[in-house]
**Q** 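After the structure tokens below, expect a handful of questions from me.
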Amino acid sequence: MNNAFARNRPLWIAASLTVGLLVLVFIAGWLFGRGSEKKHEAQREVAAAHKAPVTHPDSALGRTDRRQIDALRRGIPIDQEAAPQPLWRVQNMDVKRERAYPMQPPTIPHAIDGYQVDKNSNRCMLCHARANAEKFQAPPVSVTHYMDRDDQFLATISSRRYFCNQCHVVQTDAPVLVNNTFQTIDAVLAAAEAGTATAEAAQRTP
Ligand code: HEC
Ligand code: HEC
């Protein structure tokens with residue numbers, strides 16, 4: 001053993017020097033890292049104090065500042081990169097939704113991926129043409145879709161109603177970006193009626 005040590009002496013010295021050096025570098029790095037981490041922490045605190053986005057509890061995403069014009073940024077300052085939202089899924093439940101007023105184009109209750117609508121073909125009309133309603137059990141487009149601008153009825157779909165997605169849209173499960181106070185016409189009429197009733201009752205009481 002002693003003999004072996006004596007023979008490899010320079011090698012052992014070199015090895016222990018290397019190990020010692022590595023330990024020194026590690027300690028130096030650790031000390032330096034601790035220092036700069038403290039600095040970063042302080043910077044983060046200052047940044048947070050200055051840039052905390054104003055939130056309103058009534059906004060759908062909980063992060064939308066009313067003064068922020070673009071709700072897509074969700075109140076994140078313009079000099080910071082926003083983490084992207086997940087891609088929302090198209091609702092494909094085949095359940096018709098309420099229409100908010102008489103002439104609202106109904107929203108599409110099924111997915112429309114790959115349904116081509118161009119000059120040569122209209123995939124939507126495969127199912128929604130009057131003639132195909134029986135086969136596909138789809139509601140045929142209403143009579144307004146066959147009317148030209150002079151209210152004349154055409155035999156085929158009017159060019160004004162050819163590009164379905166101009167008016168009809170799918171719905172996704174995304175939360176609303178900006179809250180609104182929209183009421184359906186029925187709610188408005190009911191409120192107006194209740195208001196009139198109260199006013200009349202007030203008039204009747206002496
Ligand atoms: C494969 C047949 C098929 C195709 C193609 C199709 N639909 Fe439909 N669509 C239906 C059926 C069936 C319904 C009835 C509800 C349901 O089962 O989804 C419907 C419902 C609708 C409704 C709801 C009507 C209401 O009264 O609420 C709209 C709007 C609509 N489709 C628009 C479109 C548009 C726009 C396209 C083309 C991008 C299209 N559809 C393509 C079968 C189809
Ligand atoms: C310019 C806007 C517009 C375009 C383009 C349009 N629609 Fe409509 N659609 C409406 C409106 C508004 C209604 C509801 C009132 C009505 O029936 O006219 C409607 C109603 C419907 C309905 C329900 C019919 C019913 O009787 O309940 C279906 C189905 C429909 N559209 C499918 C289509 C398809 C398929 C296309 C493309 C070929 C299309 N629409 C293009 C505006 C449009």
Side-chain angles (χ1 to χ4, degrees), residues 56-76 82-200:
H56 289 281
D58 60 341
S59 71
L61 290 167
R63 279 167 297 186
T64 308
D65 187 342
R66 279 209 198 100
R67 287 165 301 172
Q68 187 90 19
I69 297 167
D70 183 3
L72 282 170
R73 284 202 64 78
R74 290 165 278 133
I76 296 156
Q85 290 277 294
L87 291 177
W88 306 102
R89 275 180 306 259
V90 167
Q91 290 180 344
N92 193 20
M93 263 90 81
D94 291 336
V95 179
K96 291 183 189 178
R97 301 187 192 86
E98 186 189 4
R99 298 189 201 179
Y101 52 93
M103 276 305 279
Q104 184 211 312
T107 53
I108 305 173
H110 54 72
I112 57 165
D113 300 321
Y115 288 175
Q116 185 94 2
V117 177
D118 60 24
K119 189 165 138 279
N120 301 317
S121 81
N122 187 322
R123 185 69 176 185
C124 310
M125 288 305 276
L126 172 74
C127 301
H128 286 286
R130 225 183 341 243
N132 299 342
E134 189 190 354
K135 190 168 170 202
F136 291 101
Q137 289 298 300
V141 294
S142 63
V143 71
T144 54
H145 295 62
Y146 293 95
M147 284 157 78
D148 69 7
R149 64 179 177 185
D150 300 319
D151 287 355
Q152 297 294 308
F153 295 100
L154 309 170
T156 54
I157 190 99
S158 168
S159 54
R160 299 194 303 161
R161 295 270 167 123
Y162 187 84
F163 293 104
C164 320
N165 305 121
Q166 239 175 289
C167 305
H168 298 283
V169 288
V170 294
Q171 302 288 289
T172 68
D173 56 2
V176 288
L177 281 175
V178 183
N179 279 332
N180 68 77
T181 55
F182 180 84
Q183 292 180 318
T184 68
I185 187 66
D186 297 310
V188 173
L189 288 177
E193 222 159 79
T196 334
T198 334
E200 275 170 11

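Both counts, for ligands and for their atoms, begin at 1 and track the order of listing.
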**Q** What are the atoms of ligand 1, with element, lying closer than 4.0 Å to any heavy atom of F136?
**A** 12 (C)
**Q** Specify side chain, backbone, both or neither for C164, according to which of its non-hydrogen atoms lie closer than 4.0 Å to ligand 1.
**A** side chain
**Q** Under a 4.0 Å heavy-atom limit, does R99 contact ligand 1 with its side chain, its backbone, both, or neither?
**A** side chain
**Q** Give, for atom CD of E98 and atom CD of Q104, the distance between the pair rounded to the nearest 0.5 Å.
**A** 8.5 Å
**Q** Using a 4.0 Å heavy-atom cut-off, which part of P106 comes near ligand 1: side chain, backbone, both, or neither?
**A** both
**Q** Out of H128, K96, M103, H145, whose heavy atom sits nearest atom 12 (C) of ligand 2?
**A** M103
**Q** With atoms numbered from 1 as shown, which atoms in ligand 1 lie under 4.0 angstrom from a non-hydrogen atom of Q137?
**A** 12 (C)
**Q** What residue and atom, counting heavy atoms only, is the protein's closest point to atom 23 (C) of ligand 1, and at what distance?
**A** P109 CD, 3.4 Å
**Q** Strictly under 2.8 Å, is atom 8 (Fe) of ligand 1 approached by any N, O or S atom of H110?
**A** yes
**Q** Of all the heavy atoms in P140, does at least one lie under 4.0 Å from an atom in ligand 2?
**A** yes
**Q** For ligand 1, which atoms sit closer than 4.0 Å to a heavy atom of I112?
**A** 38 (C)
**Q** Quick one: does ligand 2 sit under 4.0 Å from the side chain of V117, the backbone, both or neither, non-hydrogen atoms only?
**A** neither
**Q** Can you confirm whether the side chains of Q152 and D150 place a donor and an acceptor under 3.5 Å from each other?
**A** no
**Q** Got the closest protein heavy atom to atom 18 (O) of ligand 2, with its distance?
**A** T144 OG1, 2.5 Å
**Q** Need the ligand 1 atom indices (1-based, order shown) with element for anything under 4.0 Å from a heavy-atom of C127.
**A** 1 (C), 2 (C), 3 (C), 4 (C), 5 (C), 42 (C), 43 (C)
**Q** I need the atoms of ligand 1 closer than 4.0 Å to a non-hydrogen atom of R123, numbered in the order shown.
**A** 5 (C)
**Q** Looking only at non-hydrogen atoms, find the nearest pair between R160 and D148 and report the distance.
**A** NH2-O, 3.2 Å
